[in-house]
Amino acid sequence: MSAAEALLRVEDLHVEFPSEDGVVHAVDGITYQVHAGRTLGIVGESGSGKTVSSLTTLGLTRRQGARISGRILFEGKDLLTLPEEGLRAIRGNDIAMIFQDPLSSLHPFYKVGRQLMEAVRAHRDVSKAQARERAIELLGLVGMPDPPRRVDQYPHEFSGGMRQRVMIAMALANEPKLLIADEPTTALDVTVQAQILGLMERLQRELGMAIVIITHDLGVVAEMADDIAVMYAGRIVETASAARVFAAPEHPYTWGLLRSIPRLDRPRDEDLVPIPGTPPSLINPPSGCHFHPRCPYAEPEHSRIDPALEPIPEYPSHHVACLLDGARRRELWAQLRDGGTPDEALAAVGPPEGSS
Amino acid sequence: MIRYIIRRLLLGIVLLLVVCLVTFILFRVLPTGNPAVLRAGRDPQPKLIKEIEVVLGLNKSLPAQFWDYLKEVVLHFNFGYSYYSQEAVRSLISERLSATLSLTVGAAVLWIVAGLSVGIISALRRHSLLDRTVMGASLVMISAPEFWLGLVFLYLFASDIGQFKILPGAGSYVGLTHDPWKWFTSLIMPWVVLASGSAAVYARLMRSSLSEVMREDYIRTARAKGLRDRAVVGHGVRAAINPIFTLFGLEVGVLLGGAILVETVFNIPGIGRASYQAIQSSDFPVIQGTVLLASMFIIIANILVDIAYAYLDPRVRYS
């Protein structure tokens, strides 16, 4: 995974919004990369900065008065310094985005066909007839039955799943190299979720695009992602391959996420363990490790020291921002993986070295 | 859809009957002065007043009077005769219709174009100096009554009494067919005065509606597609215009009410001024005729707005 071949490389991105109550640190220094044809899953709670970082990639936070620093390199070009017209040429063309709620994301008064044609004609000099043909072709591509008829219908005449298919068709209009999917299945029924994820995987294979999928749902990333970045309070706290995150997670927040969802390979009567507390304020984030107020394993000095995202010695592609000792982390996870609660795990592992 | 329109039209006719009845009762029950006394001259003999009452049909009972009136209106489209000039109300109105239409249609065009464009510009430059200035000005426009605004305009710009003698003043109206240029210049001030209130309401509504819409998800989608700013704003305006459009029918009523004042201030020989004079002289048939005509306009405007709404918002289907 060398930096040179990354399609998208985000470096030390900060996004802040001045507000009446103070500065909101929505994204607080994140670094990640996406390689051509691969899928990155960005996981985190609401308000962890995952959507803001993606909107910033497309320059969509610019006019909201955001203060942005860092670099977002797409094919070597820094999108943050690109003038608006240059960004516009990339939006919907090289990088496309789909959103959580397909009904509110489609214009209610324009026919679906018109909205698709606009996406085509924003970047290609084609006639209306050609664009319409392409719109019908795109609807077919995303598995819409009877595209020639559906193209003349309004969004409210489609079901939720079909609307998201329309959004995907719109995103694919110009065969982007990168598709950013922000909670693409959250507003959909479970059965439809699987269809949409399956569709995205199929299209990725056929078109060879990279995908960034943003979600709070670990089930979705388990299905889709090659790599995972876990975000908390505007930062990435852990990043590794998907297999690695599920098999050997290193950050207590990731453990919390994993233990808070039901799993088929665990006993049916096992209780889910929610993460205690609420997501922190992004105006006055906690001192030290941002997760320490909610972390069952936090030690006193963790409220003073700010952990950096660093590779694990034994597994250099796996990065984690945690102040706990590596060996201790592994012991704790071993307890949790076998069904222990955080308290039981702490009791079994014992107090940290150096404490009395 | 057809059934809906028919139902609305029938309902409109019922409404017109009600309007007819209410104005009839209102002007006859209220002590506005007996028209027979007004017409009988100075120090009239009671006998003369009685005679005039018989001629005008005022001696009959109120229901009988109303029935006679309604019969004439429905069967012969005859609105009666002015107590004052004996002129048929129908011809009195039709003679003055072109002046009033010139005034109101022009004002409506100005009101919509100015209101919407000011609203759009304000919404896109929220909290800028320009936004604050025009929104402040619009508040003044909404608050200022037409007759006052009309006098201010005459004082400032009229060629006879104005400080800056640039526009023809009161009483300069001529018909469109007579002299189009004079027609146009004589109506500039009345148009502006009559349109100002509604334009200001529209500007403020458009501003709030569009600022709200510009935060919608589908605007974000439009940007994410890589549409140019103009096209993105187009998406916004298309959605923002709907709630404002429904108000059009109501504003037509405001406009017609304003026409009475503006025609009086600028001395335009239209229906508005005629009804103002009719009210002063208790000329019931003329009052009734103009009120009926105005109601008809408002009802038709509202039906048209509702029908057009079905085309503007594809989610609306009447049944």
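Below, read A as the first sequence line, B as the second, and so on, with proteins coming before strands; counting in each chain starts at 1. Basis for what follows: all heavy atoms, side chains included, without hydrogens, waters or symmetry-related copies. What you see is a predicted model; the values in this text were computed from it and never measured.
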Just so I understand: if I count every heavy-atom pair under 4.5 Å between each of A:Leu60, A:Leu58, A:Ile95, A:Ile90 and chain B, which residue has the most?
A:Leu60

Side chain, backbone, both or neither: which part of A:His107 has a heavy atom under 4.5 Å from chain B?
both

Which answer fits A:Ala96, side chain, backbone, both or neither, if we ask what part of it has an atom under 4.5 Å from a heavy atom of chain B?
neither

Which distance, rounded to the nearest 0.5 Å, do you find between the CG of A:Leu8 and the CD1 of A:Ile180?
7.0 Å

So that I can tick it off, tell me whether A:Glu45 and A:Lys50 are bridged by a salt bridge, with the cut-off set at under 4.0 angstrom between side-chain N and carboxylate O.
no

Less than 4.5 Å to any heavy atom of chain A: does that hold for the side chain of B:Ile219, its backbone, both, or neither?
neither

Heavy-atom pairs under 4.5 Å with chain B - which of A:Ala122, A:Gly92, A:Ser104 has more of them than the others?
A:Ser104

Atom CG in A:Leu199, atom CG in A:Leu141: separation rounded to 0.5 Å?
7.5 Å

More than 12 heavy atoms of other residues, nucleotides or ligands under 6.0 Å from CD of A:Glu133: is that the case?
no

May I ask you to establish whether A:Arg9 and A:Tyr32 are in a cation-pi arrangement, using a distance under 6.0 Å from NZ or CZ to the six-membered ring centre and at most 45° from the ring axis?
no

Verify, without hydrogens or angle tests, whether A:Thr185 (side chain) and A:Gln193 (backbone) share a donor-acceptor contact under 3.5 angstrom.
no

Pick whichever of A:Glu118, A:Gln115, A:Met97, A:Met170 has the most heavy-atom pairs under 4.5 Å with chain B.
A:Glu118

Residue from A:Ala173, A:Pro176, A:Pro108 scoring the most non-hydrogen pairs under 4.5 Å with chain B is A:Pro108

Could you tell me if A:Gln130 and A:Arg124 have a donor-acceptor pair between their side chains, going purely by distance under 3.5 Å?
no

Chain B heavy atoms under 4.5 Å from A:Phe109: which part of the residue, side chain, backbone, both or neither?
both

Of B:Pro314, B:Ala222, B:Ala231, the largest count of non-hydrogen pairs under 4.5 angstrom with chain A goes to B:Pro314

